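All values derive from a computational prediction rather than experimental measurement. Proteins come first, then strands; the chains are lettered A, B, ... in the order of their sequence lines, and each starts at number 1.
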Protein chains: 2
Amino acid sequence: MSLPHALLTSLLERPCSGLDLASRFERSIGHFWQASHQQIYKELGRLEAAGWVSSAPAEGGRGRKRLYQVLPAGRRELERWVQDVQDANPLRDELMVRLRAEAALGPTGVSNDLRHRLDQHRSKLALYREIEARDFSAAELSRERRLQYLVLQAGIMHETHWMTFCEQALSLLAELHAAPAED
Amino acid sequence: MSLPHALLTSLLERPCSGLDLASRFERSIGHFWQASHQQIYKELGRLEAAGWVSSAPAEGGRGRKRLYQVLPAGRRELERWVQDVQDANPLRDELMVRLRAEAALGPTGVSNDLRHRLDQHRSKLALYREIEARDFSAAELSRERRLQYLVLQAGIMHETHWMTFCEQALSLLAELHAAPAED
DNA sequence: ACAACCATGTAAGTAGTTACATGATTTA
DNA sequence: TAAATCATGTAACTACTTACATGGTTGT
């Protein structure tokens, strides 16, 4: 449950409204922790009730727009949380279930899924590479930038890793199809 | 939502009871799709209601033990599902949020988490290597075995990848700690 | 005035987790 | 006969998703 802390982090970088948060999320932390605007609004309500953020009607914006800011208690909570220890994410992927099903059933059609994923990983990787070139290509990066870059590198590794896997899986399936059932 | 299909796959490999499924899950498909026994029982109920599996009181076992088997309709459903296409898993990891928080807050204590995860990835990898040596070291593997091995290889890649990342993160943090705040 | 869109929500539902309940069978 | 453990569940809760609702602002 790290959405509240993801929001605190993002608001700490720059105070803004709920919808701003939602759209910035999509371009930044949201690559690593997704959230819909509904979820964000609900969570902002909780954060305010907990005394971790304050909100005020925004002047620049229109309608009911509110500006959220992290309060000292929110910053302390984030500092506390960063030191928490959590178990590693187990691998949990429908594709693995599909492959096991394909193993049990005989030749069916996982390659659909594999090709689809390969495309998605490719374009995600291209996006990350753009961000890398735009934001992290300077010779000297600040401490903050270097850590943000580290997170982006995790994303790059993730996409690269799964692209490789999909390719490997596709070539195994092709080989099995070419020389079927030897057992 | 692939638990029903994970259960169908596992039952197809070998019919068994709910608790057997739960424990086999932990050693096999459960490495890639986790489920508690409560969830499994509930899902088995649904599978039976849908006419995808049948159940009968088990003779060998004790108490209320029931033996579950995949029906033809269940097999057809699994064949249909394998050909579905699903979006690639986005990276979604609390650790990334922690690192972004560390970037925004200044030096705190993510290294706790990193060391903890590194340990877990190491032991998971060791387990996978054992399984690899035990089940997949033969010169010639059947089609089914080769596909199962592919899935295991995904697990090995996953653990290796994240071990590397944790090490990289720890060394960056050490470097930043040694030569602090140049911006 | 009307469409488009900015901004904030409510409502209903699902998957999954955690804690607890219950009965039946071995084993000490 | 009591403890352990096998086996199957119920109940309550949380995070998250999907679909829908509402009102204010800007542009035409």
So A/Gln34 and A/Glu26, do their side chains get closer than 4.5 Å, heavy atoms only? no
Go through residues 18-27 of chain B and report each residue with a non-hydrogen atom lying under 4.0 Å from DNA chain D, sorted by number. B/Gly18, B/Leu19
Neighbour count above 12 (heavy atom, 6.0 Å) for A/Arg92 CZ: yes
What's the verdict on side chain to side chain donor-acceptor pair (under 3.5 Å) for B/Asp113 and A/Gln86, showing C-alpha distance, side-chain angles and the deciding distance? CA-CA 6 Å; B/Asp113 200 357; A/Gln86 207 220 0; over 6 Å; no
Are any of the side-chain heavy atoms of B/Trp162 and B/Arg117 separated by less than 4.5 Å? no
The bend of the helix from C/dA1-D/dT28 to C/dA28-D/dT1, taken between the axes of its five terminal pairs at each end and rounded to 10°, is 10°
Separation of B/Arg64 atom CZ from C/dA24 atom C1', in whole Å? 8 Å
Can you tell me if A/His116 and B/Asp87 form a side-chain donor-acceptor pair at under 3.5 Å? yes
Can A/Leu99 be reached from B/Val85 by stepping across I, L, V, M, F, W or Y side chains whose heavy atoms are under 4.5 Å apart? no
Hey, mind stepping through A/Ser17 and A/Leu67 against side-chain contact (heavy atoms from CB on, under 4.5 Å) and telling me if it holds? CA-CA 5 Å; A/Ser17 73; A/Leu67 185 77; 5.7 Å; no
Is there a side-chain contact (heavy atoms from CB on, under 4.5 Å) between A/Gln69 and A/Leu11 once you walk through the steps? CA-CA 6 Å; A/Gln69 275 188 319; A/Leu11 284 177; over 6 Å; no
Measure from NZ or CZ of B/Arg145 to the centre of the six-membered ring of B/Phe136 and say whether it is under 6.0 Å with the direction within 45° of the ring axis. yes
Could you state the atom-to-atom distance from CG of A/Leu67 to C1' of C/dA7 in whole Å? 14 Å
Taking the side chain as everything from C-beta on, heavy atoms only, tell me whether A/Met157 gets closer than 4.5 Å to B/Phe165. yes
For B/Pro107 and B/Glu102 the tightest heavy-atom approach is CA-OE2, 3.5 Å
Find the distance B/Asp87:CG to D/dT18:C1' and express it as a whole number of Å. 15 Å
Grab the CG-P distance between A/Leu44 and C/dT10 for me, whole Å please. 13 Å
Summarise how protein sits on nucleotides 10-17 of chain D as a single string, 5' to 3': B when a protein heavy atom is under 4.0 Å from the base, S for sugar-phosphate-only contact, - for no contact. B----SSS
I need the CD1-P distance between B/Ile40 and D/dT8, as an integer number of Å. 11 Å
